[in-house]
Amino acid sequence: MKDWIQAARLRTLPLSLSGIIMGAFIAKWRLYGEGGIWDWKIFALALVVTLLYQVLSNYANDYGDGVKGTDAKRASEAETRAVASGKITAKQMRNAVILFSVLSFVATIALLYIAFIPKYMNEFYIFIGLGVACILAAIGYTVGKKPYGYMGLGDLFVFIFFGLVSVCGSYFLFTKSFSWDMLLPGTAIGMMSMAVLNLNNMRDIESDKLSGKNSFALRIGFKNAMIYEMVLLQLPLILILVFLGVNGFFQTQNYYVFIVMILLLPLMKLRRQIMAVKNPKELDPFLKQVGIMTFIMAVLTAFGLNFFH
């Protein structure tokens with residue numbers, strides 16, 4: 001059990017929850033202003049679904065890199081990655097991927113049933129397709145003959161699914177509508193998620209070169225990947241500030257909504273620490289830090305919008 005829990009990579013879970021929290025609680029704030037109803041059952045099921053997607057993705061990643069021999073070239077990770085270390089066999093991990101694919105699909109159906117049935121049948125079927133796409137994206141990062149993670153497309157998929165789909169999709173589950181301004185927090189969460197993936201790929205840049213995993217960081221080089229990382233960590237809070245601005249909070253006395261801006265200094269310090277790193281392997285601790293910072297950003301935004309009315 002310990003090996004399975006370790007393979008699930010629990011440190012990645014706060015990042016996956018961030019988009020759901022952001023989208024759900026912006027919907028709660030907006031529904032309150034419109035006299036609508038916010039269903040906690042949708043929120044609870046959405047959390048379960050996104051956690052299942054994340055564990056599925058981590059198991060699939062462990063399996064895909066393990067059978068391709070990618071993890072074997074990562075001396076620092078070979079002891080912790082389950083398939084590469086031999087703690088879990090490739091067949092066992094493949095069965096786990098299948099199991100979590102089924103569990104994810106069943107949980108997705110349950111979520112969509114609560115959210116859309118019986119009044120929104122078209123939306124129900126569209127979101128089933130979106131759920132299947134999420135499951136395929138979780139598996140396809142490292143699994144298959146042409147995994148997109150090996151072609152440098154991981155950043156794009158993370159932006160789409162961890163950012164736009166997670167935030168805008170969860171918002172739609174509650175409001176049954178799309179608002180263009182949701183692209184701002186969706187992009188913010190997406191960029192923070194890309195920052196985590198980029199750090200991961202910067203850390204593994206030398207071993208990925210040996211194994212033929214052409215991540216985006218490898219394609220542009222370590223120096224340019226560091227500049228890219230700084231941009232990804234610089235823009236999200238600006239996007240949240242723009243979101244608050246277009247919703248009229250600069251013209252109100254409700255300054256508590258700007259509580260998320262207290263992250264300016266921690267993020268500035270974090271960027272400086274990352275920039276000071278010369279050895280790629282020393283980037284590993286920052287993955288967890290950026291993930292937690294993303295989670296805190298979502299929670300503070302939700303708190304600022306909903307705590308006072």
Distance-only donor-acceptor hits, side chain of residues 156-178, under 3.5 Å, sequence neighbours excluded:
{"unit_1": "Ser166", "atom_1": "OG", "unit_2": "Ile20", "atom_2": "N", "d": "3.3"}
{"unit_1": "Ser170", "atom_1": "OG", "unit_2": "Ser166", "atom_2": "O", "d": "2.7"}
{"unit_1": "Ser170", "atom_1": "OG", "unit_2": "Val167", "atom_2": "O", "d": "3.0"}
{"unit_1": "Tyr171", "atom_1": "OH", "unit_2": "Arg30", "atom_2": "NH1", "d": "3.0"}
{"unit_1": "Thr175", "atom_1": "OG1", "unit_2": "Tyr171", "atom_2": "O", "d": "3.0"}
{"unit_1": "Thr175", "atom_1": "OG1", "unit_2": "Ser177", "atom_2": "N", "d": "3.3"}
{"unit_1": "Thr175", "atom_1": "OG1", "unit_2": "Ser177", "atom_2": "O", "d": "3.1"}
{"unit_1": "Thr175", "atom_1": "OG1", "unit_2": "Ser177", "atom_2": "OG", "d": "3.2"}
{"unit_1": "Lys176", "atom_1": "NZ", "unit_2": "Ala115", "atom_2": "O", "d": "3.2"}
{"unit_1": "Lys176", "atom_1": "NZ", "unit_2": "Leu173", "atom_2": "O", "d": "2.7"}

Side-chain donor-acceptor distances from residues 121-149 under 3.5 Å, at least two apart:
{"unit_1": "Thr142", "atom_1": "OG1", "unit_2": "Ala60", "atom_2": "O", "d": "3.0"}
{"unit_1": "Tyr148", "atom_1": "OH", "unit_2": "Ala137", "atom_2": "O", "d": "2.6"}

Just list the side-chain donor-acceptor pairs under 3.5 Å for residues 220-232, sequence neighbours left out, or say none.
{"unit_1": "Asn224", "atom_1": "ND2", "unit_2": "Ile220", "atom_2": "O", "d": "3.0"}
{"unit_1": "Tyr228", "atom_1": "OH", "unit_2": "Asp155", "atom_2": "OD2", "d": "2.8"}
{"unit_1": "Glu229", "atom_1": "OE1", "unit_2": "Asn198", "atom_2": "ND2", "d": "2.9"}

Only pairs under 3.5 Å count here: list side-chain donor-acceptor contacts from residues 93-105, not counting sequence neighbours, and write none if there are none.
{"unit_1": "Asn95", "atom_1": "ND2", "unit_2": "Lys91", "atom_2": "O", "d": "3.3"}
{"unit_1": "Ser101", "atom_1": "OG", "unit_2": "Val97", "atom_2": "O", "d": "2.7"}
{"unit_1": "Ser104", "atom_1": "OG", "unit_2": "Phe100", "atom_2": "O", "d": "2.6"}

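The closest donor-acceptor contact from the side chain of Asn247 to the backbone of Phe243 lies under 3.5 Å. Between the side chain of Trp38 and the main chain of Trp29, no donor-acceptor pair closer than 3.5 Å is present. Distance alone, capped at 3.5 Å, is enough to place a donor-acceptor pair between the Arg219 side chain and the Met151 backbone. The main-chain N or O of Ala82 is found under 3.5 Å from a side-chain atom of Asp62 such that the two form a donor-acceptor pair.
Residues Tyr53 and Val106 do not share a hydrophobic cluster, clusters being chains of Ile/Leu/Val/Met/Phe/Trp/Tyr side chains in contact below 4.5 Å. Residues Met191 and Met268 are members of separate hydrophobic clusters, defined by side-chain heavy-atom contacts under 4.5 angstrom among Ile, Leu, Val, Met, Phe, Trp and Tyr. In the hydrophobic cluster analysis, where Ile, Leu, Val, Met, Phe, Trp and Tyr join through side-chain heavy atoms closer than 4.5 angstrom, Ile21 is grouped together with Ile262. Trp40 is connected to Ile42 through a chain of hydrophobic side-chain contacts under 4.5 Å among Ile, Leu, Val, Met, Phe, Trp and Tyr, so both are in one cluster. Connection of Leu270 to Leu264 is established within a shared hydrophobic cluster, with ILVMFWY side chains joined at heavy-atom distances below 4.5 Å, either directly or through further cluster members.
The closest side-chain heavy-atom distance from Leu287 to Arg203 is below 4.5 Å. Inter-residue side-chain proximity for Leu15 and Ser193 is flagged as met; some heavy-atom pair is nearer than 4.5 Å. At a threshold of 4.5 Å between non-hydrogen side-chain atoms, the residues Pro236 and Ile189 do not count as touching. Contact annotation: the side chain of Leu51 approaches that of Ser16 to within less than 4.5 Å [non-hydrogen atoms, C-beta and beyond]. Side chains of Tyr256 and Ile259 form no contact here, defined as non-hydrogen atoms less than 4.5 Å apart.
The ring-ring contact (aromatic ring centres under 6.0 Å, His included) pairs that include a residue from residues 257-286 are Phe250-Phe258, where partners are two or more places apart or lie in different chains. Note on residues 35-48: pairs passing salt bridge (charged side-chain N to carboxylate O under 4.0 Å, His left out), not counting sequence neighbours, are Asp39-Lys41.
Annotation for Thr294 and Val290: closest pair OG1-O, 2.8 Å, computed over non-hydrogen atoms. Heavy atoms only, all atoms of each residue included: Leu52 and Ala107 are closest at CD1-CB, 3.6 Å. The shortest heavy-atom contact between Met22 and Ala298 is CE-CA, 3.8 Å. Across all their heavy atoms, Asn58 and Ala7 have their closest contact at CB-O, 3.8 Å. Considering every non-hydrogen atom in both Val83 and Thr89, the closest pair reads CG2-O, 4.4 Å.
Taking CG of Leu241 as the start and CG of Leu184 as the end, the distance is 10.5 Å to the nearest 0.5 Å. Atom CD1 of Ile238 and atom CG of Leu235 lie 5.5 Å apart (nearest 0.5 Å). In this structure, CD on Gln92 lies 9.5 Å from CG on Asp3, to the nearest 0.5 angstrom. Atom CG of residue Leu300 and atom CE of residue Met293 lie 10.5 Å apart, to the nearest 0.5 angstrom. Of the inter-residue distances, the one linking Leu199 atom CG with Lys288 atom NZ reads 15.0 Å to the nearest 0.5 angstrom. Taken to the nearest 0.5 Å, the CG atom of Leu17 stands 9.5 Å off from the OG1 atom of Thr12.
Taking the ring centroids of Phe43 and Phe25, they lie under the 6.0 Å cut-off.
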### Message
Between Arg11 and Val196, does the side-chain contact (heavy atoms from CB on, under 4.5 Å) criterion hold? Intermediate values first, please.
### Response
CA-CA 11 Å; Arg11 70 176 182 174; Val196 174; over 6 Å; no

### Task
Go through the steps to decide whether Ile88 and Trp4 satisfy the test side-chain contact (heavy atoms from CB on, under 4.5 Å), and finish with yes or no.
CA-CA 8 Å; Ile88 297 173; Trp4 285 106; 3.6 Å; yes

### Query
Are Tyr120 and Leu112 close enough, and set up right, to give a side-chain contact (heavy atoms from CB on, under 4.5 Å), and what steps lead you there?
CA-CA 10 Å; Tyr120 302 92; Leu112 300 182; over 6 Å; no

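With respect to Lys213 and Asp204, no salt bridge is recorded, no charged nitrogen being found less than 4.0 Å from a carboxylate O.
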